[in-house]
Amino acid sequence: MTEKIYLPDHFFLGAAASAWQTEGWKGKKEGQDSFMDAWYKAHRDVWHEGYGPAVATDFIERYEEDFSYMEEIGLNCYRTSLNWSRFLADYEEATVDEEYAAYYSRMIDSCIAHGVEPMICLEHYEIPQSLMERYGGWNSRHVVDLFVKYAVKAFERFGDRVKYWFAFNEPIVIQTRVYLDGLRWPFHQDSKAWMQWNYHKALATAAVMEAYKEGGFKRPDCKFGTIINVESVYARTDSPDDRNAADKYDLFYNRIFLDPAIKGAYEEGFFDLLESHGILMDYRDEDLKLMKENPVDWVGINLYHPNRVRGRINAVREGAPFHPCYYYEEFDMPGKKMNPFRGWEIYPRIIYDFAIRMRDEYGNKEWFVAENGMGVQNEGQYRDPSGMIQDDYRIDFFQQHLYWAIKGVQEGSNLKGYMNWAFTDNVSPMNAFKNRYGLVEIDLEHNRNRRLKKSAYFFKETIANRSFSYENDTEYR
Ligand code: BG6
């Protein structure tokens, strides 16, 4: 059955990206590597076909072109990050690198001139590598102070034009891949450091929120938030054992950031649980007060795929470093729909389920989908004779996810908008240009030229008509 789905009033449609994944290194100075740059240089072997942040999409030279396409599509907003490692020439003193700041200022002006609202994230994995080397990165409390100084400089420079700021993109990711799972350079496993990083980033979110308010940067039409990758978790069955596994998964990967950011507090018993596993971080009572007083205005949520778990069948070896999988095992649900390229399950209802959760468990706080999208390999095979990639699979993906998002709004969730990852194809950590996500193709063979995919026109029409057609397959056959 074909249904016409209308976008709710004021519901925005945008697209996201980040500085390090698009800009390229042009003009980058000695000592301005981010952690991602350093990882790429140190262990390039694992970066798909050797591509990485060095050139990326050359956004620094081509943002004008990208904003023209955004204008043509009618995109309401564009989210990217400010690259901490490049915006400052001295991280201790927060001395601004004027050359990078001038580029950034022009970029923001151009975005606005094309009718697109900029949304800026202060860290999308771009922690300066020198802070990793000197202090162990977010393991150090001092880095929280440096982050606040940096944020204030950013507000001073761009706060007159940028209304929407975010502390982090996916604050749990780097330390989980590095310290918890040991999957990435520099291959140093340390579960306690993992928790300390989580904690310091939650604290930094509150501290920057406070600085934003107290520095007078928060005008009435401005909002400060953070962007959290929620791992939508489903228990294999309704048995207490499976449900407990899902609950612990949710606690260690989701509530660990959602609770301090939105409720201003960790749940009762959490610190005891951390202590029982030997990973209780260093904290101060005054930090908890700061968090309580400074919840964010809203949250962006990155939602890609569900995670399915069951209670453990095999015990974890005694003496193994703590990992949340102490409580769960992953569960491979028969019959699940897959994005075979990325290896992720497709289950569009994750957006609706989270919408209801925000409504019922998080005081119906304002939120938006900050990333959702479909990564596909070898997209050139879907090119038509005119040269355009016919990404109908991505259009289906958008329709289904938007359908469930709008259902969430209809049922009272305070969901404000939806952003695709990403505007153009871009460089992902390690996967580089392997999985293409863009509405706009980046042609690596031809000077990184841009070309709109069919899905860009789906966005364009949906924005122009404030509606789209959705094939709701309800027929029993
Ligand atoms: C998101 C990140 O989780 O996933 C992005 O915020 C990333 O930075 C995106 O690029 C897609 O990643 P991947 O590995 O599927 O290419």
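Because the structure is predicted, anything quoted here is derived from the model rather than measured. Just follow the structure's listing: the first ligand is 1, and inside any ligand the first atom is 1.
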Does Arg450 come within less than 4.0 Å of Asp425, counting only side-chain N to carboxylate O?
no
Please classify the Asn169 to ligand 1 contact at 4.0 Å (heavy-atom distances, strictly less than): side chain, backbone, both or neither.
side chain
Checking heavy atoms under 4.0 Å, the part of Trp344 that sits near ligand 1 is side chain
Quick one: CD1 on Ile172 to CH2 on Trp197, what's the gap to the nearest 0.5 Å?
12.5 Å
Calculate, to the nearest 0.5 Å, the distance between atoms CD1 and CE belonging to Ile127 and Met132 respectively.
6.0 Å
Residue, atom name and distance, where the atom is the protein heavy atom closest to atom 1 (C) of ligand 1
Glu371 OE1, 3.0 Å
Look at atom CD of Glu445 and say whether more than 12 heavy atoms of other residues, nucleotides or ligands are closer to it than 6.0 Å.
no
Part of Lys434 with heavy atoms under 4.0 Å of ligand 1, whether side chain, backbone, both or neither:
neither
Where's the contact between Met430 and ligand 1, heavy-atom distance under 4.0 Å: side chain, backbone, both or neither?
neither
Min N/O separation His124 to ligand 1 under 3.5 Å
yes
Would Lys218 pass as a cation-pi partner of Phe224, given that its NZ or CZ must be under 6.0 Å from the six-membered ring centre and within 45 degrees of the axis?
no
Would you call the rings of Tyr304 and Trp344 parallel, tilted or perpendicular, taking 30° and 60° as the class edges?
tilted
Any idea which of Ser428, Gly375, Ala16 brings a heavy atom closest to atom 13 (P) of ligand 1?
Ser428
Below 4.0 angstrom, N of the basic side chain to O of the carboxylate: do Glu345 and Lys336 qualify?
no
Students should be able to answer this: which protein heavy-atom is nearest to atom 4 (O) of ligand 1, and at what distance?
Tyr304 OH, 3.7 Å
Ring centres under 6.0 angstrom apart (Phe158, Phe87):
yes
Atom 5 (C) of ligand 1 sits nearest the protein heavy atom Trp421 CZ2, 3.5 Å
Do Glu366 and Lys223 meet the salt-bridge criterion of a basic N to acidic O distance under 4.0 Å?
yes
Considering the heavy atoms of Tyr437, write down every atom of ligand 1 situated less than 4.0 Å from one of them.
11 (C), 12 (O), 13 (P), 15 (O), 16 (O)
Can you report which non-hydrogen protein atom sits closest to atom 3 (O) of ligand 1, along with the distance?
Glu170 OE2, 2.7 Å
At a 4.0 Å threshold, what atoms of ligand 1 neighbour a non-hydrogen atom of Arg342?
13 (P), 14 (O), 15 (O)
Look at atom 14 (O) of ligand 1 and say which protein heavy atom is nearest, naming residue and atom and giving the distance to 0.1 Å.
Asn431 ND2, 2.9 Å
